[in-house]
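Have a look at the structure below, then the notes.
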2 protein chains.
Amino acid sequence: MADTKQQIIDAATCLFAEHGIGAVPLRRIIAEAQVNAAAIHYHFGSKEELVKAVFTGRFGPVNEERAALLDAIDQSSGSARPAVEDICYALVAPALRIGRGTEQGRLLRSLAGRLMTEPQYMELVFSDLFVEVDRRVDALMARALPELSDEVRTWRKFMAMGSMVFVLREQEWISKVSRGLCDTADVETSIRRLVQFMAAGMNAAAVEAAETAVPAGSRNG
Amino acid sequence: MADTKQQIIDAATCLFAEHGIGAVPLRRIIAEAQVNAAAIHYHFGSKEELVKAVFTGRFGPVNEERAALLDAIDQSSGSARPAVEDICYALVAPALRIGRGTEQGRLLRSLAGRLMTEPQYMELVFSDLFVEVDRRVDALMARALPELSDEVRTWRKFMAMGSMVFVLREQEWISKVSRGLCDTADVETSIRRLVQFMAAGMNAAAVEAAETAVPAGSRNG
DNA sequence: GTCTATAGGTGGATAGAC
DNA sequence: GTCTATCCACCTATAGAC
């Protein structure tokens, strides 16, 4: 069957997302995909090649979409300051819209989040594309927030990425722990919440009052 | 030797932090700790019990410190609004100060970050303590930000936690990718940056303008 | 308490018939 | 292209001598 390859990829995607890549044996993928025991090695050659195929097929377009959105910001902003919100949106929206509308959507986004916190796989598959996106984000953020030092701006970029990755990875947990209050299945609302939070963090005052970071209780001591 | 147990815990801590728990075979811990092959099962009984011992010993106090800081905020704020910065500080500082001053510090914090993104282990070891801390954070945040809906406030709490976890987990990567610009070994600066970012995100305007979350490029279309 | 040896199971990968 | 059967490396855990 010509579907064999796709069945394997589909099953692997779900299992990787649910349990992590290292924790899923090829035998389990074989059982889930209902294909022959030797099919994976016939079609992909090795587990690592299967992982690459899953990732590039599913997530390759994400960084291209990001790059396109960042390009649009670059061109339309001209010599004016680009909006921090727009830069955040360019990072967040393509990632959160992975698998939009499909039944596997949640699993796919969770897997994307895993990928971004496992540098071993990230570098393996996406190094070129991601480095390029990262470079453009840095350049745009520097224009959007010139009053920040490079150090503070870069710190904030990492922390903003952290909140995005957490939302991608922990969708299931967020919905469960909040008892449905935060509906991670509503992708567009998730995007708005994330963009607003990240932009507010990036836009925090340039000069910080160190004293505010001391807990109330210890002020009495 | 009475140190055997401690040597095992030390070696396991480092290896778990560096490679992840599932990826570290007991044999490797044995080799690193330079103890006998059967020592782990003699002292701990199983790998899972070793994992528990490592976690409770190293990270048990963190949530107690958090609870104490949150108590202090509660008492000192009286009927006034507690400061968002102080609540964030109570969550961040105890976690980022894990292993403070020790050579293993970075590895320990990285492991703590892993723990917080692997619900399987989190629930296993810390469920009671963490649930209590989470409950207090919710209550204080509701008092600090009454103008926010429960939904928006809860979303922001998760995103703030996400940035904290990312900084804990990816210290090595952050320092490397920023080419030293962000010095994750400087724990106190990391705490200040995180608290400021998280608080700014939590404090973002209550009413959002949905239009700002549209990229500049698509405004022309 | 410490050691050696090994049982019992699971992983990825392959050979060779059809 | 698909299947069965199997190899070999590695894992956790245990048995039993010292």
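In the text below, chain A, chain B and the rest are named by the order of the sequence lines, each starting its count at 1.
By the ring pair (Phe, Tyr, Trp, His ring centres under 6.0 Å) test, A/Phe158 is found to be paired with B/Trp173, residues two or more places apart in sequence or in another chain being considered. Every residue two or more places apart in sequence or in another chain that forms a side chain to side chain contact (heavy atoms under 4.5 Å, CB included) with B/His19 is listed here: B/Leu15, B/Ala23, B/Val24, B/Arg28. Taking the salt bridge (charged side-chain N to carboxylate O under 4.0 Å, His left out) definition, one finds that B/Glu18 meets it with nothing, sequence neighbours left out. A search for salt bridge (charged side-chain N to carboxylate O under 4.0 Å, His left out) contacts involving B/Asp71 returns B/Arg136, not counting sequence neighbours. Every salt bridge (charged side-chain N to carboxylate O under 4.0 Å, His left out) that A/Asp134 has, sequence neighbours left out, goes to A/Lys157.
Residue B/Leu140 holds its CG atom at 4.5 Å from CD1 of B/Ile87, rounded to the nearest 0.5 Å.
Between A/Thr4 and D/dG1, a side-chain N or O to OP1/OP2 separation shorter than 4.0 Å is absent. Contact annotation: A/Asn36 side-chain N/O to D/dT4 OP1/OP2 distance is under 4.0 Å.
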Atom pairs and distances, donor-acceptor, side-chain atoms in residues 103-113 of chain B, under 3.5 Å, two or more places apart:
from: B/Arg106; atom 1: NH2; to: B/Thr184; atom 2: OG1; distance (Å): 2.8
from: B/Arg109; atom 1: NE; to: B/Gln171; atom 2: OE1; distance (Å): 3.1
from: B/Arg109; atom 1: NH1; to: B/Ile98; atom 2: O; distance (Å): 3.1

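For the strand DNA chain C, secondary-structure stems (runs of at least three Watson-Crick or G-U pairs, all distances below 3.5 Å) span C:1-18 with D:1-18.
C/dA13 atom C1' lies 14 Å from atom CD of A/Glu49, rounded to whole Å. Taking atom CZ on A/Arg28 and atom C1' on C/dG12, their separation rounds to 17 Å, with Å as the unit. As rounded to whole Å, 10 Å separates atom P of C/dG11 from atom CD1 of A/Ile30. A/Ile40 places its CD1 atom 12 Å from the P atom of C/dG11, with the value rounded to the nearest Å. If you measure from atom NE2 of A/His43 to atom P of C/dA13, you get 16 Å, rounded to the nearest angstrom. Residue B/Phe44 contributes atom CZ, which lies 14 Å from atom C1' of C/dG1 at whole-angstrom precision.
Within the structure, the salt bridge (Lys or Arg N to Asp or Glu O under 4.0 Å) test picks out no pair touching residues 36-46 of chain B (sequence neighbours left out).
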Can you build the contact string for nucleotides 8-15 of chain D? Use B for base contact, S for sugar-phosphate-only contact, and - for no protein heavy atom under 4.0 Å. ---BBBB-
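With A/Met116 as the partner, the side chain to side chain contact (heavy atoms under 4.5 Å, CB included) test is satisfied by one option alone out of A/Met164, A/Met161, A/Arg169: A/Met164.
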